[in-house]
Amino acid sequence: AGASDGDVFFINGTIQATADGNYGEIPITKKITIKSKNGNAETAILDANKAGLASNAHRIFTVRSGGELTLENLTLTNGKVSGTDDGGAVQIENDGMLTMTGCTIQHCESEGSGGALYTAGTLTINGGMVGGEGSAGNYARKTGGGIFIWQGHCTLKDVTIQGNTVENSGRAAGIFLKRSDSTVLTIEGNTKIGTADDPASNSVYLDRQDSSKSACISAGILGTAAHINVQPDNYLGQRDKPLVKGSALSGVVQVFKLVDLPSGEEWELRANAADTELVLNRAALTITSGTGAWLRLKQAVEDAKDGDVITI
């Protein structure tokens, strides 16, 4: 018999997909909870076995519209989707809902976007990790090596996002936040996205829809150990736009670190007068001698705003 709304399943040990017909992604259409029997994610593992399944490789879950999936203290690993498909471990469809607590997602990949997770619904992650050390991270060929947020609401609390990658020509190794009027990313607690000593590690990539709109992070109550690398899609295009919204933001501005800055330029996030937004500002620009220096100066002057300082 199929599962009913509210059913709870316990995982004990490793549940692995195998090539003898014991495989296939798991669709979620009801309210289902799956959790570790002993509360330890290291010993409760859902292994989609991408290497063993070869061309039959698949993601682990698809949360359909109206479905609600709760995962607790599990490791999700070795999921894979090919072609233009998205979400190597889990895909959340519009009006689907996924809540994860104390879970790890690693070694998953997508030929599209969202190496670990692709969401167009509601995603909540409490604790745990998306990614890992060395080769344990997740991979996407296009965008969002860790998470791709297409629309809907995503809340991250006390989560670590690191070690995820994209193809050399791709974008957003950590999280890709699509600009949309219906997209919200809230970050709380001691969430860590990338590391302070390696700006190229992982970041939140903030998409921009046009010259007037930019994706924006919603900051909840942040802990003292929080760290978030922030990568605007286009520094000049998102200049003077709020990249973070919340309250009393001047007290947590140090949590947010801009990465992948244009060469020779200094940028910063500066709190507005109401202390409710962190706005992207160009702090300084230096033009050095060498090939193309004249054109760089010409372009810098054309892009300048009142009050800008250019150093030669």
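Bear in mind the structure is a predicted one, so any value in this text is a computation, not a measurement.
A heavy-atom distance below 4.5 Å is not found between the side chains of V81 and H58. Proximity of D240 to L280: side-chain heavy atoms (C-beta onward) are nowhere separated by under 4.5 Å. Side-chain contact between F148 and D86 is absent, with no heavy-atom pair separated by less than 4.5 Å. No side-chain heavy atom of T155 sits under 4.5 Å from any side-chain heavy atom of I125. Between V204 and F176, the closest side-chain pair of non-hydrogen atoms is not below 4.5 Å. Side-chain contact check for R59 versus K80: every heavy-atom pair is 4.5 Å or farther apart. The closest side-chain heavy-atom distance from L123 to I147 is below 4.5 Å. For the pair T33 and F10, the minimum side-chain heavy-atom distance is 4.5 Å or more.
Side-chain atoms of T77 come within 3.5 Å of backbone N or O of Q106 as a donor-acceptor pair. No donor-acceptor pair under 3.5 Å is formed between the side chain of N40 and the backbone N or O of A44. A donor-acceptor pair under 3.5 Å is formed between the side chain of N281 and the backbone N or O of V279. Side-chain atoms of N22 do not come within 3.5 Å of backbone N or O of A17 as any donor-acceptor pair. Judged by distance alone, the side chain of S65 and the main-chain N or O of N94 form a donor-acceptor pair under 3.5 Å. Side-chain atoms of D85 do not come within 3.5 Å of backbone N or O of S82 as any donor-acceptor pair. For N229 (side chain) and G194 (main-chain N/O), no donor-acceptor pair under 3.5 Å exists by modelled atom type. Not one N or O on the side chain of K30 forms a donor-acceptor pair closer than 3.5 Å with the backbone of G67. The main-chain N or O of S250 is found under 3.5 Å from a side-chain atom of D275 such that the two form a donor-acceptor pair. Checking side-chain atoms of S110 against main-chain N and O of G112 turns up a donor-acceptor pair under 3.5 Å.
Heavy-atom contacts from other residues, nucleotides or ligands closer than 6.0 Å to NZ of K50 number more than 12. Counting non-hydrogen atoms of neighbouring residues, nucleotides and ligands closer than 6.0 angstrom, the CD atom of E302 exceeds 12 such neighbours. Residue-environment remark: NZ (K245) stays at or below the threshold of 12 foreign heavy atoms within 6.0 Å. By the neighbour-count criterion of 12 heavy atoms within 6.0 Å, atom CH2 of W150 is sparsely surrounded, having that number or fewer from other residues, nucleotides or ligands. Within a 6.0 Å sphere centred on CD of E42, other residues, nucleotides and ligands contribute 12 heavy atoms or fewer. The 12-atom threshold is not exceeded at CD1 of I221, counting heavy atoms of other residues, nucleotides or ligands nearer than 6.0 Å.
To the nearest 0.5 Å, atoms OG1 (T311) and CD (E266) are separated by 8.5 Å. Distance check, rounded to the nearest 0.5 Å: CG of D47 to CG of L76 gives 10.0 Å. In this structure, the separation between CG on N190 and OG1 on T224 is 5.5 Å, given to the nearest 0.5 Å. In this structure, OG1 on T62 lies 10.0 Å from CD1 on I92, to the nearest 0.5 angstrom. Here the straight-line distance linking atom CG of L278 with atom CD1 of I217 works out to 9.0 Å at 0.5 Å rounding.
Under the 3.5 Å distance criterion, with hydrogens and angles disregarded, no donor-acceptor pair is assigned to the side chains of T104 and T75. For the residue pair N49/N78, the side-chain donor-acceptor check at 3.5 Å is not satisfied. Checking Q238 against S214 by side-chain atom types alone, a donor-acceptor pair falls below 3.5 Å. Between Q91 and E25, the side chains place no donor N or O within less than 3.5 Å of an acceptor N or O (distance only, hydrogens not considered).
Between A293 and T288, the closest heavy-atom pair is CB-O, 3.3 Å. Among all heavy-atom pairs drawn from V244 and L249, the shortest one is O-CD1, 3.8 Å. In plain terms, the two heavy atoms of G189 and A226 that are nearest each other are O-CB, 3.4 Å. Residues L243 and P232 approach most closely at CD1-CG, 3.9 Å, considering heavy atoms. The shortest non-hydrogen separation linking N164 to A173 is CB-O, 3.1 Å. For the residue pair K35 and L74, the shortest heavy atom distance occurs at C-CD2, 3.7 Å.
In the hydrophobic cluster analysis, where Ile, Leu, Val, Met, Phe, Trp and Tyr join through side-chain heavy atoms closer than 4.5 angstrom, L258 is grouped together with V255. Both V253 and I193 sit in one connected hydrophobic cluster of ILVMFWY residues. Membership requires side-chain heavy atoms under 4.5 Å apart, directly or through other members. V130 and V166 sit in two unconnected hydrophobic clusters of ILVMFWY residues. Membership requires side-chain heavy atoms under 4.5 Å apart, directly or through other members. L185 and M100 fall within a single hydrophobic cluster, where Ile, Leu, Val, Met, Phe, Trp and Tyr side chains are chained together by heavy-atom contacts under 4.5 Å. Cluster annotation: L71 is not connected to I45 through the hydrophobic network of ILVMFWY side chains, with a link wherever side-chain heavy atoms come within less than 4.5 Å.
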Discussion item. As a quick check of understanding, evaluate side-chain contact (heavy atoms from CB on, under 4.5 Å) for L46 and I11, giving each step before the final call.
Written reply: CA-CA 8 Å; L46 300 179; I11 303 299; 4.0 Å; yes
Item to complete: Check the pair E265, R282 against salt bridge (Lys or Arg N to Asp or Glu O under 4.0 Å), reporting the backbone distance first and the verdict last.
Response: CA-CA 7 Å; E265 300 183 17; R282 185 161 69 181; 3.7 Å; yes
Discussion item. Could you walk me through whether K178 and D207 satisfy the salt bridge (Lys or Arg N to Asp or Glu O under 4.0 Å) test, starting with their C-alpha distance in whole Å, then the side-chain angles of each, then the deciding distance to 0.1 Å, before giving a yes or no?
Written reply: CA-CA 5 Å; K178 181 70 175 177; D207 182 40; 3.6 Å; yes
Worksheet item: Could you walk me through whether S113 and K142 pass the side-chain contact (heavy atoms from CB on, under 4.5 Å) check?
Response: CA-CA 5 Å; S113 298; K142 293 183 179 178; 3.7 Å; yes
Worksheet item: Yes or no on side-chain contact (heavy atoms from CB on, under 4.5 Å) for L69 and I34, after CA distance, side-chain angles and deciding distance?
Response: CA-CA 8 Å; L69 176 62; I34 304 175; 4.1 Å; yes
Worksheet item: Going through the checks in order, is the side-chain contact (heavy atoms from CB on, under 4.5 Å) test met by T18 and Q16?
Response: CA-CA 6 Å; T18 53; Q16 184 182 62; 4.1 Å; yes
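Using a 4.0 Å cut-off between charged nitrogen and carboxylate oxygen, R208 and D233 count as a salt-bridge pair. In summary, R141 and E167 do not engage in a salt bridge, as defined by a charged side-chain N under 4.0 Å from a carboxylate O.
Of the residues K31, E68, H153, the one that meets the side chain to side chain contact (heavy atoms under 4.5 Å, CB included) test with M97 is E68. Among the candidates I175, I228, I105, the single residue satisfying the side chain to side chain contact (heavy atoms under 4.5 Å, CB included) test with I161 is I175.
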